Structure formats: structure tokens, C-alpha cells
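All remarks here apply to the structure that follows.
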Amino acid sequence: MGLAKRQPSYDDLVRVIADLQARLDAVEADNERLRAENAELKRRLAQDSSNSSKPPSSDSPFRKPAPRSQRRSSGRKPGAQDGHEGTNLERVADPDTVVEHRPAACGGCENVLAQDAEAVGFSWSQVFDLPEPRLIVTEHRMLKVRCHCGHITRADHPHGVKAPTQYGPGVHALAVYQLVHQHVPCLRTATGAADLHGAHLSEGFAHTALDRAASHLAPFSERVVALLQLADVAHFDESGIRVASSLHWVHVACTTHLTWYKAHAKRGKAGMADAGVLPYFTGTTVTDAWSSYLGYGTAGALCNAHILRDLDGVHHTDPTGQQWAKAAIDALTTANDAAHAAREAGREALTSDEITSLETQFDHAVRVGRSTNPDPPPKAKKSFARQLVDRLIRRREDILRFLHDLRVPFTNNQAEQDIRMTKIQMKVSGGWRTLDGANRWLLVRSYLSTARKHGLNPMTVLRDLFAGNPWLPPAPA
């Protein structure tokens, strides 16, 4: 007789149910993880230069993003506004050349006019044009004078004149202007100088001119770094460059009147310290949200252009579930409009009631974002939307700094515009061969950018530099 089959006990059923529940929980956890990963991948695929910090060059040529500017309509019509004076060529009182034209025949009787017929007046037209490509040659003769004692003394060479034949400050200035200000490669710089001015330069001459310019800029570098250290508000940023075929970083510190670049092998605090501004800066820093900028200056302000792009990316990825992001965008742009209007009206500050109202609108949007994106399960990664909400809460004071101090701008565009020029140079040349060479180029670029911000012609300040009289930015009043 066979053994009777044992019926499962209550404890056996409990163990089976517990095992099934554990497996079900594991499947649910895996599904939640996969859903989060899928959402993150979709978010990344939807990213472009309009809704993230990715550069426009990274956008797919087959899927250009539709423009979604955060700017609001100003209500102005396109083109010149009413009352705009416009710009036209103005007549000069003392033209370089005057050419007189006499009529050949009388407009009345049609008789031929005599060459000595009296001119009783004239009308005029001035033509502004470039001269023919021709160098102006100046010969310096150092005279030898005999004294009554019989000794003959020769005059000293003028400053900068050493060789029997040489190019002057203007030609050196032209080469450096093309290399640094216009980002023209050495060979094309030499070709352009020959075509436009009849100066047949070599590539070596252009390199040497750049090195000579940098060697005379020690007083400028000391002045601009000192002025930036004393600035009330300054912008800071960094960007990757190629030096000796490896990744380096160019750091920029700037204001509306000053620019300072420095290249370094490190992106973080070591590179910032080498640039010489941030460790001694006592004003308000305007930066992106990178943590290495924390701790510098007496106060910090975040670039809200980055914040707006991130908010737009969250809303664009999930327009129905992340409505709070659109509300936060509206709150920030409204606050920026209020600060801009106050500055245009000549006001020194917003009222406390205005600030409270604008901050309340922003805080409400962030609170909704916090409830929309709750804490993830244990050990699960936070979604980007939740990370953004946490950043808005953690850095709230820095994000809204522009409301409390009208000297602080809404964005870090000043630094981004200044550093963009180094990216153009990268596209032209691909990089620098040595770190010293990169910093010489950046030093001259700092000089030209600062002079341009003061309304000076870059060719003029370069000529002054090669003539032994480098321009220096004035100290603030």
C-alpha cells in the first residue's frame, strides 16, 4: 500500500505566499527601475541646445530644434524704432584729397566754357575708400656730428628701430590683430597682409609678433587681475580646449569692462587659483551651478539661463505631468522683467513688497514640483526633474539674487559670450601645441577684449603696444 500524499500545512502555504510576494516585489522594483531608466533615456534623447546646456554644435543636423526662446515680446516693431537717429557717413571738414571738376559747356547757351572762367561756387560729394595696397617706408638717419674736440657722435636709434630694414608697429599690429582678434590662421594672415597692404610676411613673423605682444603685457595682466579682484560683481566660467593633443581648460573672469583668460590642465579649483582672481575675490560671483565655484566671494548668483533651459527640458519631456516647470519659467521671466524695468527707470532697488510677490510665485511653482516628483524608492536614482527641484530649493538664494541686488544680472551671458571666442579659435586651429603658447594667445585676447569693452580700436591699442606704450584699463572712480 503506497504512502498517502502529505497535504501542505498552513506554514507551508505561508512560506509559498511570502516567496511569491518577494518575487512580485522584485519584479515591481525592476519595472520601476526600467521605467525610470526609460524616462531618463527619453529625456536625454529630447535634449538639444534649446532645453539644456548642450552647445548648438551638438544638435543633430537632421533634427534641428524648433526655436523656443524664453524671451517675451517687447511690443516693439522690427527694425529701427521711432526717434532712432540712424548712422550715416558724415562729411569731413578736411578731406585728404580734393579733386575739382569743371563743366565743359554752358548749360544755358551750350557754348564751350573757357578754362579760366571764374568758378562762383561748388557742390560736393565725398567718397570714402581704401588706399591702394602699399607700405609707407620711413628711413631713419642717425646723424654723425663732429664736436669741436674732434670726436664724432652718432645719434641713437629710435625706440624699436634696430635692423637696417624691418617692419614697423603697424605691420606687427596687423598680424596679431588677424591671429587673435579675427581668428585667422598664420598662413592666411601672411597672405592677407600681402594682398591688402603689400606686406610680404612669413608664418614665422606672425608667430613672433604674437610672442612679442604677449611679452609686453605684464603691466596689463597685473592691472586687470587686480581690478577684477576688486569688482563688486564679476562673471566666471570655464570651457574645454585642446593643448598638446590633450584636454585642458580655459578659465575666464570678466565684467562689462574687463576680460581675463587663463588656460590650465585642471578644470576645478587648481585652475581657478592659477587664474589669480577667484581666491582673492570679495564681490558677488555670477556662475553656473558647478560646485567648484562655491565658497568664493561674499555672495553667489546662479546663471538663470541654465535654469530656464533645464526647466524647459523637463516641461518639454513631460508637458502634462510637469506643469510646475512652466510655472517656474513664468515666475523667473516675470521677475527678470521687473528687475530690468527697475534698472531702466533708474531705481536702485525693488521694494520689499515687489520682491515678496515675485518670490512667492517662484516658491509656489517649486513646491508643486516637489510634490509632483516624490522621493524615489530606496537605492533608486532620483529623476532629473527631482534633481532640478532639489537644486532650486538648495540654491534658491543664489537663483533670486538678482531681485535683491540690481547690480547682479539675470544670467552669466557676459562670461559665456567672452569665452565663446576661444571656442571659435578651437574650430579654426584645433588647439594649441603648448600650454605657454595658449596662454600667450589668451593674454593678448584679454588685452584686446578689455580694450574693445572700453570703446577702443583694437588696431590702435596694438600699435601702441608695439610702439612701447601698452594701454592699461583705468581704475574705477
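None of the values given here were measured: they were computed from a predicted structure.
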Please find the pair of heavy atoms, one from Gly268 and one from Trp290, that lie closest to each other, and give the distance. CA-CH2, 3.5 Å

dist Arg309:CZ -> Asn304:CG (nearest 0.5 Å) comes out at 11.0 Å

Report, as yes or no, whether the 6.0 Å neighbourhood of atom CD on Glu132 holds more than 12 heavy atoms from other residues, nucleotides or ligands. no

Considering the options Ile393, Leu400, Ile399, which one meets the side-chain contact (heavy atoms from CB on, under 4.5 Å) requirement together with Arg396? Leu400

Step through the shown structure and confirm whether more than 12 heavy atoms of other residues, nucleotides or ligands are within 6.0 Å of NE2 on His454. yes

Thr256 side, atom OG1; His235 side, atom NE2 - distance, nearest 0.5 Å: 7.5 Å

So do Pro473 and His257 actually touch side chain to side chain, heavy atoms under 4.5 Å? no

Closest non-hydrogen atom pair, Tyr296 against Leu278: CD2-O, 3.4 Å

Report yes if the side chains of Arg391 and Asp310 come closer than 4.5 Å at any heavy-atom pair, otherwise no. yes

Smallest separation among heavy atoms of Asp330 and Thr333, with atom names: O-OG1, 3.1 Å

Would you say Asn412's side chain and Phe236's backbone share a donor-acceptor pair under 3.5 angstrom? yes

Side chain to side chain donor-acceptor pair (under 3.5 Å) for His207 and Glu203? Distances and angles first, verdict last. CA-CA 6 Å; His207 278 295; Glu203 293 184 65; 5.6 Å; no

Could you check whether any side-chain heavy atom of Val224 comes within less than 4.5 Å of a side-chain heavy atom of Ser446, counting everything from C-beta outward? no

Below 30° counts as parallel, above 60° as perpendicular, anything between as tilted: where do the rings of Phe205 and Tyr167 land? perpendicular

Parallel, tilted or perpendicular, judged at 30° and 60°: which one describes the rings of Phe466 and His216? perpendicular

Taking the side chain as C-beta and beyond, is there a heavy-atom pair between Arg242 and His248 under 4.5 Å? no

Going from CH2 on Trp260 to CG on Leu258, what distance comes out if it is rounded to the nearest 0.5 angstrom? 11.5 Å

Please determine whether the number of non-hydrogen atoms from other residues, nucleotides or ligands lying under 6.0 Å from atom NZ of Lys453 exceeds 12. yes

Evaluate the side-chain proximity of His181 to Arg445: yes if any heavy-atom separation is below 4.5 Å, no if none is. yes

Between Asp274 and Ala263 the two heavy atoms that sit nearest each other are OD2-O, 4.1 Å

Counting only heavy atoms not in Ile136, do more than 12 sit closer than 6.0 Å to its CD1 atom? no

Kindly say whether Thr282 contributes a backbone atom to a donor-acceptor pair with the side chain of Thr298 at under 3.5 angstrom? yes

For the CD atom on Glu348, are there more than 12 heavy atoms of other groups (residues, nucleotides or ligands in this structure) within a distance under 6.0 Å? no

Which atom pair, heavy atoms only, marks the closest approach of Pro376 to Arg386? CD-NH1, 4.4 Å

Give me the ring orientation class for Trp471 and Tyr447: parallel if the planes are under 30° apart, tilted from 30 to 60°, perpendicular past 60°. tilted

May I ask you to test the Gln322-Thr317 pair for a side-chain heavy-atom distance under 4.5 Å? no

Nearest-0.5 Å distance that lies between atom CD1 in Ile419 and atom OH in Tyr261: 7.5 Å

Within the structure provided, determine whether Phe410 and Leu302 are in side-chain contact (heavy-atom separation under 4.5 Å). no

Counting heavy atoms not belonging to Gln182, are there more than 12 under 6.0 Å from its CD? yes

Taking CZ in Arg433 as the centre, count heavy atoms belonging to other residues, nucleotides or ligands within less than 6.0 Å. Is the count above 12? no

For residues His159 and Ala467, report the shortest heavy-atom separation together with the two atoms involved. CD2-O, 3.3 Å

Using 30° and 60° as the class boundaries, would you call the ring planes of Trp441 and His183 parallel, tilted or perpendicular? tilted

Are Gln229 and Pro279 packed together at the side-chain level, in the sense that at least one heavy-atom pair is separated by less than 4.5 angstrom? no

